[in-house]
Chemist: 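Here you go, one structure.
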Amino acid sequence: MNLHDELGNHGADAAAEMARRLESAEVRVTLTDRVRRGRRRRALGGAGTVAAVALVAVGAFALLPLGEDASDPLRPAGVVSAGPYEYEVAADSREADPEVTLRGDSAVMCADTLHLTAGLTVHDPSAFTGSIALSALLTTLGETTDMTPPATPVPIDPGKPDGLTTGWDPDTPTWSVQLGGEVRSYELVSLLMDGGTVEGIAFGMSGGGDASGPRWASGGTPIPNIGQCDQSLDAISGEPGDPMRTVLVAQFWGAATSTGGGTPLLATIVIDPTQPPVFFTGVSLFEENGYFDDGDTSGQ
Amino acid sequence: MTANDQVLGELIDRASSRLAAYGYLLTGSQHAGEDLVQDSIVKVFVRRRRLPNAQAAEGYVRAAMRSVHIDRMRREKVWRRIAPGQVARDEAPDHADRIATADALGAALATLSSQQRTAVVLRYFDDLTVAAVAAEMRLAEGTVKRYLSEALGRLAIAVGDDSFDVEYVAVVDRKKRS
């Protein structure tokens with residue numbers, strides 16, 4: 001008797017009625033209300049906490065000298081964290097030719113030598129009216145919440161998508177990224193660098209289509225392993241890459257021109273986690289735009 | 001509707017049966033299992049501002065279910081010690097629970113203590129290592145091994161099958177004894 005399977009079967013048999021109740025409209029409404037009430041309470045409590053912490057910090061600042069290390073963006077050993085980095089195209093954004101491209105025949109590959117400039121670079125004037133923006137944060141998965149390790153379940157047997165699932169390693173570092181703007185398409189990769197040489201590529205989010213207008217997306221991008229140069233399973237089974245040797249690269253393309261010149265590359269954003277955080281506005285662009293509250297992805 | 005409301009809806013559509021099964025296995029009760037699922041969903045969605053999709057949310061909810069369940073067990077244990085009259089010994093099984101325990105494994109699981117049951121579920125359903133189970137339950141590894149050993153013994157007797165396809169774990173480290 002396989003106890004693993006037996007437990008799964010027993011739980012599934014007993015839970016059919018429970019699942020029906022959970023899926024009822026009444027429970028959905030109740031859950032949504034409880035979440036909203038909880039968030040309001042948490043926000044109120046958070047405001048009080050911020051005020052209290054600020055008061056204590058002011059007192060401590062008045063009494064204690066702060067060393068240079070206080071500005072170090074990295075946390076103690078064992079915890080990976082860098083950012084957030086927030087970029088938005090502005091009138092004074094740097095303009096230059098692309099140092100890397102993520103698509104086409106000349107797309108970046110392992111062993112390429114790159115000289116990347118951290119920050120936002122505009123390649124096409126139409127980028128200045130496109131509200132292109134990106135917000136990124138490098139964290140250890142276990143640190144993204146103060147609860148026990150999070151896990152994204154993956155079916156152990158691909159033939160049984162509703163069957164038993166595996167978890168994931170909570171210590172795995174990852175980039176959390178939101179990006180978008182009035183663009184035709186975008187591409188995001190995480191490169192593992194050895195000096196200027198690419199030794200691993202993790203493909204993150206990409207999107208595109210015929211629709212014009214704003215296009216926003218959010219998601220996670222893993223850290224490439226050493227020698228991970230394609231999307232095969234063999235490639236990602238290598239030795240884990242050092243998250244502090246990664247470079248996150250995002251590129252945005254506009255709509256094809258009427259002269260048939262293809263879709264222009266509008267802008268590139270390069271993020272180096274060893275650099276201090278960058279706040280463009282001090283407020284998350286995506287929160288400011290109400291993206292997450294309104295859930296408006298209609299432009300996608 | 002907010003983005004998180006949408007993810008919440010997708011989570012319920014896609015994962016309610018899996019979460020319900022997990023809640024039932026952990027608690028041994030349909031009512032307690034339902035409460036556990038709902039409380040954990042609320043906990044995750046209140047604390048997490050951004051949940052990328054239902055799949056990620058399910059992972060967070062499962063993790064929250066473990067921690068909420070273990071916290072409740074520990075709290076009940078403390079209250080049982082300091083105010084025995086304030087804590088029900090065990091929830092009386094309802095009709096649905098009686099049907100669910102009609103099969104041999106269900107009946108056998110019902111004989112386990114909540115700690116033994118939780119250890120079995122974490123070890124053999126979640127496939128955690130003994131060390132990981134001990135960390136989750138905030139117990140010594142030896143205690144977890146004892147729970148597992150006792151639980152497997154009881155399950156084998158109740159099911160009438162002493163050949164569970166699992167590895168048995170030593171209660172005492174034999175190397176240390178020799």
Side-chain angles (χ1 to χ4, degrees), chain A residues 1-23 27-28 30-32 34-39 41-42 144-154 156 162-168 170 176 178 218-220 286-287 291-297, chain B residues 1-6 8-9 12-13 16-25 30 33-34 37-38 41-50 52-53 55-56 58-60 62-64 66-67 96-97 99-100 103 105-106 109 120-121 124-127 136 152 155 159 161 163-166:
Chain A
M1 178 184 285
N2 184 313
L3 186 51
H4 190 107
D5 291 345
E6 290 296 326
L7 285 169
N9 293 336
H10 175 67
D13 291 345
E17 181 59 30
M18 294 166 66
R20 266 195 296 279
R21 283 196 291 270
L22 275 173
E23 289 166 7
V27 170
R28 285 170 193 262
T30 305
L31 282 173
T32 307
R34 286 180 65 189
V35 168
R36 286 184 178 151
R37 280 201 304 275
R39 288 195 158 182
R41 270 200 304 273
R42 191 170 159 80
T144 59
T145 171
D146 55 2
M147 293 185 302
T148 45
T152 293
V154 175
I156 292 171
D162 292 328
L164 300 175
T165 56
T166 60
W168 64 5
S176 300
Q178 300 99 47
S218 63
F286 296 87
E287 288 180 24
Y291 171 66
F292 287 104
D293 283 334
D294 299 330
D296 181 12
T297 56
Chain B
M1 180 185 278
T2 67
N4 268 352
D5 287 349
Q6 202 174 336
L8 176 57
I12 293 172
D13 288 339
S16 58
S17 56
R18 287 195 295 270
L19 295 175
Y22 191 47
Y24 178 77
L25 283 175
Q30 295 199 351
E34 268 182 66
V37 173
Q38 292 191 30
I41 287 174
V42 170
K43 183 175 179 181
V44 167
F45 278 78
V46 165
R47 298 177 80 99
R48 290 281 307 168
R49 177 137 178 83
R50 296 166 189 170
N53 52 48
Q55 195 182 32
E58 183 181 349
Y60 285 113
R62 286 170 71 97
R66 277 200 294 272
S67 62
D97 287 337
I99 292 173
D103 67 281
L105 182 65
L109 284 170
V120 166
V121 171
Y124 297 112
F125 186 66
D126 282 338
D127 284 335
E136 288 275 357
L152 290 179
L155 291 176
V159 176
D161 184 344
S163 58
F164 283 123
D165 186 14
V166 296

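Note on naming: letters A, B, ... go to the chains in the order of the sequence lines (proteins, then strands), and numbering restarts at 1 for each one. Note that these values count all heavy atoms, side chains included, but never hydrogens, waters or copies made by symmetry.
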Chemist: Hey, what do you get for CD (B/E34) to CZ (A/R21), rounding to the nearest 0.5 Å?
Modeler: 4.0 Å
Chemist: Kindly indicate whether the side chain of B/I12, heavy atoms from C-beta on, has any atom under 4.5 Å from the side chain of A/L31.
Modeler: yes
Chemist: Do B/D126 and B/E136 have side chains that approach each other closer than 4.5 Å (heavy atoms only, starting at C-beta)?
Modeler: no
Chemist: Heavy-atom pairs under 4.5 Å with chain B are the metric here; pick the option from A/A12, A/A16, A/G11 that has the most.
Modeler: A/G11
Chemist: Counting heavy-atom pairs under 4.5 Å to chain A, which of B/G23, B/A20, B/G9 comes out on top?
Modeler: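 Most heavy-atom pairs under 4.5 Å with chain A: B/A20.
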Chemist: Is a side-chain donor or acceptor of B/R62 paired with a backbone partner of B/L19 at a separation under 3.5 angstrom?
Modeler: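 Not at all, since once roles are kept as given, no pair shorter than 3.5 Å links the two residues.
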Chemist: So which residue, B/D13, B/L8, B/V37, B/I41, ends up with the most heavy-atom pairs under 4.5 Å with chain A?
Modeler: B/D13
